[in-house]
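What follows is a single structure, written as structure tokens, with notes after it.
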Amino acid sequence: MFAVSLLEAVRAAQRVVVLTGAGISAESGIPTFRDAMEGMWSRFRPEDLASPQGFRRDPQQVWAWYAERRGKVLKCQPNPGHVALADWQRRCAELLLVTQNVDRLHQRAGAQNVHELHGNLYEIKCTKHGAPSAWPEPIPDMPPTCPHCGDWLRPNVVWFGEALPMDVFEAASQAVPQADLCVVIGTSGLVYPAAHLPLLALQSQVPVLEINKETTDLSQRAQWFLQGASGQLLPQLLRAAFPED
Ligand code: BV8
């Protein structure tokens with residue numbers, strides 16, 4: 001089922017960087033980012049709703065999209081792929097989990113110190129001064145306004161055209177070249193600078209394992225490519241690598 005070289009690499013790895021995308025949450029019932037443009041949102045491009053311009057143009061519409069996505073996320077549970085990564089992190093102290101996802105299913109599966117490159121659906125922040133606070137339930141006004149300055153409040157996510165949290169991206173960028181193994185799971189690798197991280201691993205001669213239902217631009221260049229659902233492949237891989245458990 002798995003190459004011996006892959007099992008040996010997983011067993012021996014002391015420093016692992018894992019980058020996840022929407023695909024790892026698909027089996028939890030959360031549409032992938034591209035699929036999130038379904039139903040009434042199908043007439044929009046992601047960049048129309050996930051951008052400062054889109055928010056300025058129609059804050060109510062953007063809030064409605066995020067509130068709907070958050071509602072779905074709160075009803076979903078982590079799947080065996082999230083659980084397997086949290087288990088692996090307990091075994092491998094230096095496993096850095098970096099995610100593009102905003103659903104916090106890694107944390108809800110028990111993963112620690114998750115680096116969120118693109119924010120999350122559990123916090124909001126003021127458009128002006130940015131200090132995050134808990135997502136209000138229910139949302140008081142639409143759009144809610146900051147009690148300090150009156151500007152609009154917004155989901156604490158990173159929109160297209162916005163800089164990533166530099167400390168988070170820097171930490172991930174520094175960990176990759178030092179890693180024994182880089183694992184890339186459920187991402188189309190289309191969005192930068194997150195998609196730069198696997199390329200940095202390749203440039204640094206860090207072995208890359210990709211897990212994806214479909215091939216991506218990375219698949220040919222990764223040392224190992226496992227095609228299939230991460231919720232099935234991750235538990236199988238870790239059981240094969242650590243059979244004594
Ligand atoms: C930046 C949070 C610069 C919000 C997201 C013009 C102007 C400005 C910037 C740009 C520009 N042109 C290009 C850029 C750069 C831009 C970019 O990359 N654009 C793309 C479209 C080309 N990037 C940015 O704008 C970034 N910021 O560049 O800032 C800057 C610097 C300094 C100062 C100021 C500015 C910010 C990008 C962050 C955007 N926010 N999310 C929200 O969620 O609403 S991006 C969002 O889309 C996700 O977070 C994720 O990153 C991305 C989607 O990717 P995936 O996660 O991969 O999901 P996708 O659906 O694509 O793929 C799913 C995969 O899973 C598939 O491969 C599928 O096969 C697989 N799969 C499915 N099921 C399974 C599975 N695999 C395994 N198992 C399964 N069961």
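First listed ligand is number 1; within each ligand, the first listed atom is number 1.
Below 30°, between 30° and 60°, or above 60°: for F55 and W152 the angle between ring planes is above 60°, a perpendicular geometry. Classified by interplanar angle (parallel below 30°, tilted 30° to 60°, perpendicular above 60°), the ring pair H129/H148 is tilted.
At the top of the distance list for atom 56 (O) of ligand 1, counting protein heavy atoms only, stands A22 N, 2.8 Å. With respect to atom 28 (O) of ligand 1, the closest heavy atom belonging to the protein is Y192 O, 4.0 Å. The protein non-hydrogen atom at the shortest distance from atom 52 (C) of ligand 1 is V191 CG2, 3.5 Å. Closest to atom 64 (C) of ligand 1, if we only count protein heavy atoms, is G186 O, 3.5 Å. In this structure, atom 70 (C) of ligand 1 lies nearest to the protein heavy atom N212 OD1, 3.2 Å. Remark: minimum distance from atom 43 (O) of ligand 1 to any protein heavy atom is reached at R69 NH2, 2.9 Å. Atom 53 (C) of ligand 1 has its closest protein heavy atom at F33 CB, 3.5 Å.
Of the candidates V208, L117, I24, T99, L117 is the only one forming a side chain to side chain contact (heavy atoms under 4.5 Å, CB included) with L19. For the side chain to side chain contact (heavy atoms under 4.5 Å, CB included) with Q112, the lone residue among H106, Q107, Q89, R90 that qualifies is Q89.
Residue E27 approaches ligand 1 through these ligand atoms, each under 4.0 Å from one of its heavy atoms: 78 (N), 79 (C), 80 (N). Every atom of ligand 1 is numbered from 1 in the order shown, and the set under 4.0 Å from a heavy atom of L190 is 18 (O), 20 (C), 22 (C). Close contacts between ligand 1 and G161 involve ligand atoms 8 (C), 24 (C), 25 (O), 34 (C), 35 (C) [criterion: under 4.0 Å to a heavy atom]. Ligand-side atoms of ligand 1 in range of A26: 73 (N), range being under 4.0 angstrom from any heavy atom.
In this structure, atom 46 (C) of ligand 1 has a protein heavy-atom contact shorter than 4.0 Å. Contact annotation for atom 12 (N) of ligand 1: protein absent (non-hydrogen atoms, distance under 4.0 Å). Within a 4.0 Å radius of atom 32 (C) of ligand 1, the protein contributes at least one heavy atom. For atom 7 (C) of ligand 1, the nearest protein heavy atom lies 4.0 Å or farther away. Under the 4.0 Å distance rule, the nearest protein heavy atom to atom 20 (C) of ligand 1 falls inside the cut-off. Within the 4.0 angstrom cut-off, atom 75 (C) of ligand 1 has one or more protein heavy-atom neighbours.
Any N or O atom pair closer than 3.5 Å counts here, and S230 shares at least one such pair with ligand 1. Annotation: E47 places no N or O atom under 3.5 Å from an N or O atom of ligand 1; distance criterion only. In terms of polar-atom proximity, defined here as any N/O pair under 3.5 Å, V158 does make such a contact with ligand 1. Taking distance alone, with nitrogen or oxygen atoms compared against 3.5 Å, N101 stays at or beyond that limit from ligand 1. Where the criterion is an N or O separation shorter than 3.5 Å, residue side chain and backbone included, V157 fails it with respect to ligand 1.
Taking a 4.0 Å cut-off on heavy atoms, G231 fails to register as neighbouring ligand 1.
Here the straight-line distance linking atom OG of S188 with atom CG of N212 works out to 8.0 Å at 0.5 Å rounding. Between the OG atom of S25 and the CG atom of D103 there is a distance of 3.5 Å, given to the nearest 0.5 Å. Note that CH2 of W224 is 11.5 Å distant from CD1 of I211, once rounded to the nearest 0.5 Å. Taking CD of E162 as the reference point, atom OG of S51 lies at 8.5 Å (rounded to 0.5 Å).
Aromatic pair W135/W63: centroids less than 6.0 angstrom apart.
Residue contacts with ligand 1, taken as heavy atom pairs separated by less than 4.0 Å, do not involve I24 at all. The backbone and the side chain of Q100 each have at least one atom closer than 4.0 Å to an atom of ligand 1 (non-hydrogen atoms only). When heavy-atom distances to ligand 1 are checked against a 4.0 Å cut-off, E162 comes that close only through its backbone atoms N, CA, C and O.
Residue-environment remark: CG (D217) stays at or below the threshold of 12 foreign heavy atoms within 6.0 Å.
In terms of hydrophobic clustering, with Ile, Leu, Val, Met, Phe, Trp and Tyr side chains grouped at heavy-atom distances under 4.5 Å, L190 and L197 are assigned to different clusters.
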| Does the salt bridge (charged side-chain N to carboxylate O under 4.0 Å, His left out) test come out yes or no for E210 and R221, once each step is laid out? | CA-CA 9 Å; E210 183 188 32; R221 304 174 64 191; over 6 Å; no
| Pair F242-V10, side chain to side chain contact (heavy atoms under 4.5 Å, CB included): steps then yes or no | CA-CA 9 Å; F242 304 109; V10 168; 4.0 Å; yes
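The nearest non-hydrogen atom to atom 72 (C) of ligand 1, considering only G119, P155, G23, G228, comes from G23. Taking all heavy atoms of A163, G21, S188 into account, the minimum distance to atom 57 (O) of ligand 1 is reached by S188. Considering each of H118, K213, E214, the one bringing a non-hydrogen atom nearest atom 73 (N) of ligand 1 is K213.
Here the side chain of S28 pairs no donor or acceptor atom with the backbone of I30 at under 3.5 angstrom. Using a distance-only test at 3.5 Å, with no hydrogens or angles considered, a donor-acceptor pair links the side chain of R15 to the main chain of Q178.
Counting only heavy atoms from C-beta outward, the side chains of R57 and D48 approach each other to under 4.5 Å.
Side-chain atoms of E123 and N156 include a donor-acceptor pair closer than 3.5 Å.
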